[in-house]
2 protein chains.
Amino acid sequence: MKKTNTVTTCFVFTVLIFAGLMIFSTWAIAEEATPVKLPPPQTDGGKPLMQVLNDRASSREFSAEKLSMQVVSDLLWAAWGINRPETGKRTAPSARNRQEIDVYVASEDALYRYDAEAHQLIPVMNEDIRADTGKQEFVKTAPVNLIYVADFSKVSGESTEDKYFYAGADTGFISENVYLYCTSAGLATVVRGYVDKPALEKKMGLGPEKKVTLCQSVGYPKE
Amino acid sequence: MKKTNTVTTCFVFTVLIFAGLMIFSTWAIAEEATPVKLPPPQTDGGKPLMQVLNDRASSREFSAEKLSMQVVSDLLWAAWGINRPETGKRTAPSARNRQEIDVYVASEDALYRYDAEAHQLIPVMNEDIRADTGKQEFVKTAPVNLIYVADFSKVSGESTEDKYFYAGADTGFISENVYLYCTSAGLATVVRGYVDKPALEKKMGLGPEKKVTLCQSVGYPKE
């Protein structure tokens, strides 16, 4: 009986040590996860707008070539960057200026959240979750999959239909900027709704008020 | 008694004649309402994309200056025009390429529907309904108010939330094109959801499956 007790005590002790180590390591990762500062975006240049609109299209074939930090910087600023620092207003509008959409970046290295104010990437997970961002085969290898997430807690007092409607519209404004930036920069892109959204929300550890709206793959066209 | 009968007969007869005349006149207006062919849109030129994104903003002050037919042509093509005639694909994407959004143009003269395929305006009502397109004062005098309408009959088999979500997203893509075109062309614009949508749908004579999503005012900035 005494031996059993000792074994039990040892087991509990070991579990506690492991739990402690896990908490420590999570904390250590969180501490390690310093934001990735993006280079300043190019806020002029690019192709003439009407030509860009003429060339806009969806493409589902991507080469394996990675995007440079400058391209990621330009892409995210074009999408949803701050273009009026004095008011914090952005390249895309949002209903009642709620700015309830967050843009996440899923790459081979990790999952990041775009912090527009500091124009930097906040690491969220040290894992390649690209395959979770859509049901099509190409999403696994597209160098970047953007994930648009609406924070419904910022949209209080509206009907469910209106919450979904405005989450859609506010995502659409941003996503069209991504289309036009990609067209101008010679990148391929496609916006996608064929996503297991609840599974992706769980994978990303989003709270109940945060909803994945659409995903958008970005990369260089396949030669 | 006989006199009363005669009066009644006369009354019914007069009503029938009036009804006939009304039907005829409606038919006559419908016949008269020949489409307004738009000049070919400019499909190149415009300001460089990144500069346009840097300057994008909402503006609620418009001068009384009207838009030329060339500007209306460019505006509508940029918004939701066909950029790949061989497939009928457009300057903005839509979920599953359903193309369920129609763009209406409310001006001082009339209400029109944009027919992207023939790049022309289809007259809908010979009436200035600008005041019905929003609750703000400025909508009454902005030279053009675009009205985005989703045709839910093209979005069968989806949940109500998804119908509204995709109507929002598909409107957002188009509306952002309008923002960027206006920025490039020196026009002011603002997209608006503060609209009595059921009243506007009734005014426009839309069927039960057609829903106003957003409205967007366009004009030259007030000096």
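Below, chains carry the letters A, B, ... as their sequence lines are ordered, and counting in each starts from 1.
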Chain A contact via D170(B) - side chain, backbone, both or neither, heavy atoms under 4.5 Å: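 Contact with chain A: none, neither part.
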Proximal component of Y179(B), with respect to chain A [non-hydrogen, under 4.5 Å]: side chain
Do [X] and [Y] touch side chain to side chain, with heavy atoms closer than 4.5 Å?
X	Y	result
P40(B)	H119(B)	no
M204(B)	K210(B)	no
K197(B)	K211(B)	no

Using a cut-off of under 4.5 Å on heavy-atom pairs, state which of [options] scores highest against chain B.
options	value
D55(A), T213(A), D162(A)	T213(A)
T160(A), N177(A), V52(A)	N177(A)
L214(A), V191(A), T171(A)	L214(A)

Contact summary for R192(A) and Q216(A), nearest pair of heavy atoms: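 Shortest heavy-atom separation between R192(A) and Q216(A) comes out as NH2-N, 4.2 Å.
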Portion of [X] that has a non-hydrogen atom of chain B nearer than 4.5 angstrom:
X	result
Y166(A)	side chain
R84(A)	side chain
K47(A)	backbone
A78(A)	both

Which one wins on heavy-atom pair count under 4.5 Å against chain A: [options]?
options	result
A92(B), G46(B), S58(B), A167(B)	A92(B)
A169(B), G193(B), S175(B), P93(B)	P93(B)
T183(B), L53(B), D74(B)	L53(B)
E161(B), K89(B), K163(B)	E161(B)

[X] side chain to [Y] backbone, donor-acceptor under 3.5 Å:
X	Y	value
W77(A)	I82(A)	yes
D115(B)	Q120(B)	no
W80(A)	Y114(A)	no
S184(B)	Y181(B)	no

Stepwise side-chain hydrogen bond (donor to acceptor under 3.5 Å, both in side chains) test for D44(B) and Q42(B): CA-CA 6 Å; D44(B) 54 16; Q42(B) 275 197 285; 5.0 Å; no
